[in-house]
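Lettering of chains follows the sequences in order, A, B, ..., and the numbering in each one begins at 1.
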Amino acid sequence: MLVTLKDGSKLEVDKGTTVYDVASGISEGLARVAAAGEIDGELVDLRTELTDDCDLNIITTKDPKALEVIRHTASHVMAEAVQNLFPDAKVAIGPSIDTGFYYDFDHAPFSREDLDAIEAEMKRIIKKGNPLERFIMPRDEAIEYMKERNEDYKVELIQDLPEDAVISFYKQGDFIDLCAGPHLMNTKGIKAYKLTSSSGAYWRGDENRPMLSRIYGTAYDNKEDLKEHLKRMEEAREKDHNRLGREMELFTTVDVIGQGLPLILPKGTIMLQELQRWIEDLEDNEWGYIRTRTPLFAKSDLYKISGHWDHYKEGMFVMGDEEKDREVFALRPMTCPFQYYVYKNRQHSYRELPLRYSETSTLFRNEDSGEMHGLTRVRQFTITEGHLIVRPDQMVEEFKGCLALVKHCLETLGLESDVTYHLSRWDPENPDKYEGEAEVWEQTEASIRQVLTELDIDFVEDVGEAAFYGPKVDINTRNVYGKDDTMITIQWDALMAERFDMYYVDEKGDKVRPYMIHRTSIGCYERTLAWIIEKYGGLFPTWLCPEQVRVLPISEKFMDYAESVNAKLKKNGIRSSVDMRAEKIGYKIRDSRMNRVPYMVIIGAKEEEEKKISVRSRYLGDEGQKDLDTFIDEITKEIREKTIREIEVEE
RNA sequence: GCUGCUGUAGCUCAGUCGGUAGAGCACUUCAUUGGUAAUGAAGAGGUUCGGCAGUUCAAGUCUGCUCAGCAGCUCCA
């Protein structure tokens with residue numbers, strides 16, 4: 001049997017040789033730092049026996065790929081520690097994840113003190129340095145084995161595996177866990193770890209099943225990396241829009257107003273309004289959209305036609321009592337049916353299509369009480385929503401246009417690099433959940449795939465994520481905690497026109513159902529603002545800054561002068577202000593957050609001193625030193641150039 | 001909706017066995033003017049401790065309910 005190593009060298013080994021044997025054969029040092037193997041690109045346990053010719057790569061603990069193995073092993077060590085300290089705790093599952101690992105236990109919630117105790121116990125276990133041993137059992141035997149040990153959750157897991165499955169276990173010391181691996185050879189390989197938090201989590205992610213106690217932790221090959229990671233998490237938290245946005249007075253919440261109902265404060269409003277004016281002008285002037293303004297609520301009748309009354313009533317704010325009142329209303333959770341009736345206002349010719357309706361649309365969704373979060377999950381939000389009514393033959397081209405518009409918006413905001421594109425497909429295994437023929441679904445998905453490819457967009461495909469009426473493209477980003485949020489969605493809809501009896505008249509004079517695209521350009525404003533806050537950490541591009549220029553007179557005698565500079569800047573459409581405190585503090589800039597203002601005009605300071613204060617400040621100097629009007633023109637021009645929505649990249 | 005944590009001055013927080021509100025920053029006034037993350041001194045600031053009940057001679061502190069915020073789960077047209 002021939003094994004090809006990473007450096008291209010070939011090794012003749014016997015069948016049944018393990019990855020670890022190969023590593024040992026190369027050198028003892030390599031065996032010591034080996035964490036896992038990679039056979040033909042697939043991560044495997046060191047204990048894996050080689051059965052065929054293959055490419056083999058020994059993954060050492062220095063390799064980022066080893067993290068997964070280290071963390072998985074750390075989760076086992078944690079489980080052992082928990083069972084040592086809390087013998088009645090039953091183990092459920094404990095995988096490695098992007099940022100570390102977790103393990104779920106059937107046990108009362110763990111406190112921070114518990115976590116500290118568990119950490120200490122882990123230290124003891126790791127110090128013992130027990131080897132991890134792998135052994136296998138037939139399925140039935142494995143079930144009995146776990147039943148004896150009273151591990152009900154493990155029994156259930158094994159029962160869900162195929163009849164003929166060979167069940168593998170790992171054992172370190174007295175601790176035995178059902179596990180597919182891969183794992184380190186010895187617990188000593190866990191050099192640095194930290195238990196970060198605990199919380200509840202449903203067994204198998206099902207809200208109808210018991211709630212278990214989950215402990216999150218992270219582990220690394222060395223202490224420096226762990227420290228670095230914890231520092232990064234700390235820094236990320238500082239960019240959290242929910243903290244920063246409140247601190248910067250962009251928004252707030254009030255207990256008596258209610259959950260998921262943020263108040264956008266004056267500074268936040270400036271930003272949202274900048275975004276809105278930009279998007280509306282862009283869509284209407286350059287992308288052929290026409291604007292509508294439709295009611296924020298409607299009678300239940302509308303939602304009965306759209307299907308929301310049957311399928312989404314829980315998510316809507318209903319006004320009135322169906323039993324008592326003749327008419328019952330509901331606040332709208334989306335704009336679709338309203339814009340359909342805009343279209344249905346009169347008969348349309350095929351020559352008019354495509355019609356691209358857009359609306360700055362406020363929506364209301366009655367989210368569950370535990371779901372609300374800052375500006376990203378709210379009960380009332382405003383979205384750049386729109387529906388394109390198109391002929392089937394225009395569909396691909398228009399869908400492409402929607403994506404191109406989104407791409408343009410993201411690039412302008414400097415967010416393009418942060419997103420992932422998803423083709424949300426139907427689930428062929430589950431056709432009942434969707435309307436329409438399999439053939440049509442496949443065809444449509446192929447069309448979208450082609451559009452994405454033509455636009456040179458990288459994307460992943462998610463099966464079972466489509467809307468019931470058609471596939472869609474979802475554009476996601478990650479928040480500072482690494483959680484995915486959908487920012488933008490563009491949906492292909494060849495079905496709803498039927499439901500709402502929409503048609504156009506084709507060249508032969510026949511009535512034909514149009515296709516529709518549900519789409520947004522930058523998603524909902526609140527969520528997009530949150531995203532921008534986190535992306536820029538509060539240091540916004542100039543055009544979005546609530547305050548673009550701050551005028552700082554160094555002493556009282558420059559106050560009037562400062563006021564006149566401020567007034568002229570404002571007249572030129574620049575958002576500026578005078579810092580009244582400046583006369584007292586001289587030219588010492590005390591406010592560490594001052595750098596959130598892109599431009600500072602220092603009045604009265606000597607030029608070399610001004611430079612020390614801020615790299616971005618502009619020096620005006622004593623009255624008469626420089627012509628005021630010329631100065632105002634210069635700075636206005638400079639800011640204007642950055643206000644035409646070009647991205648200002650600051651280091 | 002579920003699990004856990006939190007809610008005291010504008011902000012960040014302390015408040016020990018229930019005994020009747022505290023610090024730093026910010027703010028105001030005065031002094032100072034070369035102090036580039038914080039000049040010195042003085043002062044003001046809580047309808048009293050998210051809200052409503054209850055226990056008690058006495059509740060920020062204990063109990064119940066409730067509202068809101070946070071983390072996670074679940075959900076997310």
Side-chain angles (χ1 to χ4, degrees), chain A residues 97 102 104-105 107-112 114-115 196-216 233 237 240 242-243 246-247 249 252-262 303 306-308 311-312 314-316 332-337 363 365-374 376-379 381 383 385 424 465-470 472 474 476 481-486 489 491 493 496 518 520 524 527 552 554-556 581 583-595 602 604-606 608-615 617:
Chain A
I97 53 176
Y102 69 78
D104 289 345
F105 302 93
H107 185 267
F110 297 99
S111 65
R112 184 64 242 183
D114 292 337
L115 297 194
T196 47
S197 63
S198 64
S199 76
Y202 298 112
W203 166 232
R204 308 199 105 177
D206 185 340
E207 61 182 319
N208 300 312
R209 311 211 51 182
M211 177 152 290
L212 307 173
S213 293
R214 175 172 299 178
I215 302 177
Y216 283 95
M233 298 300 283
R237 261 189 278 280
D240 180 352
N242 206 8
R243 289 179 190 214
R246 289 170 198 270
E247 182 198 313
E249 298 183 335
T252 188
T253 49
V254 178
D255 56 359
V256 294
I257 289 177
Q259 278 190 313
L261 298 170
Y303 305 113
S306 68
H308 286 81
H311 295 113
Y312 195 65
E314 294 302 300
M316 292 198 289
R332 65 178 182 192
M334 34 76 246
T335 322
C336 319
L363 305 179
R365 293 183 189 177
N366 193 4
E367 304 285 357
D368 285 343
S369 63
E371 311 299 350
M372 259 61 75
H373 175 77
T376 56
R377 198 74 183 273
V378 292
R379 283 183 165 149
F381 57 92
I383 185 169
E385 184 154 32
S424 296
E465 293 292 319
F468 73 90
Y469 49 77
K472 57 184 178 170
D474 287 319
N476 296 357
Y481 298 106
K483 213 171 164 177
D484 242 18
D485 257 326
T486 299
T489 168
Q491 306 177 357
D493 175 9
M496 292 304 275
H518 307 237
T520 174
C524 71
R527 200 174 265 196
L552 299 166
I554 64 147
S555 79
E556 200 170 2
R581 296 174 307 165
E583 59 94 8
K584 268 193 296 180
I585 61 176
Y587 37 89
K588 179 181 177 189
I589 310 299
R590 299 160 89 180
D591 189 347
S592 65
R593 286 173 238 148
M594 198 75 100
N595 60 3
I602 320 287
K606 297 188 181 110
E608 60 272 20
E609 287 153 5
E610 162 268 326
K611 277 185 187 138
K612 283 191 241 162
I613 293 164
S614 167
V615 286
S617 61

Distance, nearest 0.5 Å, that separates OG of A/Ser306 from CE of A/Met496: 6.0 Å

Separation of the P atoms in B/rG50 and B/rA21, to the nearest angstrom: 15 Å

Interatomic distance, A/Leu115 atom CG to A/Phe110 atom CZ [nearest 0.5 angstrom]: 8.0 Å

Mate of B/rG4 where both pairing distances stay under 3.5 Å, Watson-Crick or G-U: B/rC70

Pairwise 5' ranking along RNA chain B for A/Asp368 and A/Tyr312, keeping only the more 5' one: A/Asp368

Side-chain N or O of A/Tyr216 closer than 4.0 Å to phosphate OP1/OP2 of B/rC73: yes

N or O in side chain of A/His373 less than 4.0 angstrom from B/rA71 OP1/OP2: yes

Atom pair distance, as rounded to whole Å: CH2 in A/Trp203 and P in B/rC73: 17 Å

Pair partner, B/rC25 [Watson-Crick or wobble, under 3.5 Å]: B/rG10

Separation of atom CD in A/Glu367 from atom P in B/rC73, rounded to whole Å: 16 Å

Nearest non-hydrogen partners of A/Lys472 and A/Thr489, listed with the distance: CD-OG1, 3.7 Å

Touch class at under 4.0 angstrom, heavy-atom based, for A/Gly205 against every strand present: sugar-phosphate

Whole-Å C1' distance, B/rU32 and B/rA42: 14 Å

Side chain to side chain, A/Thr253 and A/Arg246, heavy atoms closer than 4.5 Å: yes

side-chain contact (heavy atoms from CB on, under 4.5 Å) evaluation trace for A/His308 with A/Met334: CA-CA 10 Å; A/His308 286 81; A/Met334 34 76 246; 3.4 Å; yes

Residue A/Asp255, side-chain atoms from C-beta onward, closest of B/rC67, B/rG69, B/rC73: B/rC67

Euclidean distance for C1', B/rA23 against B/rC49 (whole angstrom): 16 Å

Touch class at under 4.0 angstrom, heavy-atom based, for A/Arg209 against every strand present: nothing

Spacing of the C1' atoms in B/rA44 and B/rG10 (rounded, Å): 13 Å

Short side-chain N/O contact from A/Gln259 to OP1 or OP2 of B/rG69, under 4.0 Å: yes

Spacing of NZ belonging to A/Lys483 relative to OG1 belonging to A/Thr376, to within rounding of 0.5 Å: 8.0 Å

Closest to the A/Arg246 side chain, choosing from B/rA77, B/rC70, B/rC2: B/rC70

Side chain of A/Ser199 - closest among B/rG72, B/rU3, B/rG69: B/rG72

Sugar-phosphate, base or nothing in reach of A/Gly470, heavy atoms under 4.0 Å: nothing

Shortest side-chain distance from A/His311, nucleotide among B/rA77, B/rC67, B/rU3: B/rA77

Gap in Å between the two P atoms, one belonging to B/rG22 and one to B/rA9, rounded: 14 Å

Sugar-phosphate, base or nothing in reach of A/Ser213, heavy atoms under 4.0 Å: nothing

A/Ile97 CD1 to B/rA71 C1', straight-line distance once rounded to whole Å: 13 Å

Atom-pair distance (CZ on A/Arg379; C1' on B/rC76), nearest Å: 13 Å

Mate of B/rA31 where both pairing distances stay under 3.5 Å, Watson-Crick or G-U: B/rU39

Nearest-Å distance for atom pair CG/C1', residues A/Asn242 and B/rC70: 8 Å

Pair A/Asp474, A/Thr486: side-chain N/O donor-acceptor within cut-off below 3.5 Å: no

Derivation and outcome, side-chain contact (heavy atoms from CB on, under 4.5 Å), residues A/Arg527 and A/Arg377: CA-CA 8 Å; A/Arg527 200 174 265 196; A/Arg377 198 74 183 273; 3.9 Å; yes

Among B/rU74, B/rA71, B/rU3, the one nearest A/Pro109 by side-chain distance: B/rU3

Sugar-phosphate, base or nothing in reach of A/Arg112, heavy atoms under 4.0 Å: nothing

Pairwise C1' distance, B/rC25 and B/rU39 [rounded to whole Å]: 16 Å

First encountered from the 5' end of RNA chain B, between A/Met211 and A/Arg365: A/Met211

Nearest-Å distance for atom pair NE2/C1', residues A/His107 and B/rG4: 14 Å

Under 3.5 Å donor-acceptor pair, A/Arg377 side-chain atoms to B/rC75 base atoms: yes

Nearest-Å distance once atom C1' is located in both B/rA38 and B/rG24: 12 Å

Atom-to-atom span, CD of A/Glu207 to P of B/rC76 - whole angstrom: 9 Å

Identified pairing partner of B/rU55, criterion: Watson-Crick or G-U wobble below 3.5 Å: none

Value in whole Å for how far the P atom of B/rC76 lies from CZ of A/Phe468: 14 Å

Check: A/His308 side chain, B/rA77 base, donor-acceptor under 3.5 Å: yes

Atom C1', compared across B/rG64 and B/rU28: separation rounded to whole Å: 44 Å

Mate of B/rG45 where both pairing distances stay under 3.5 Å, Watson-Crick or G-U: none

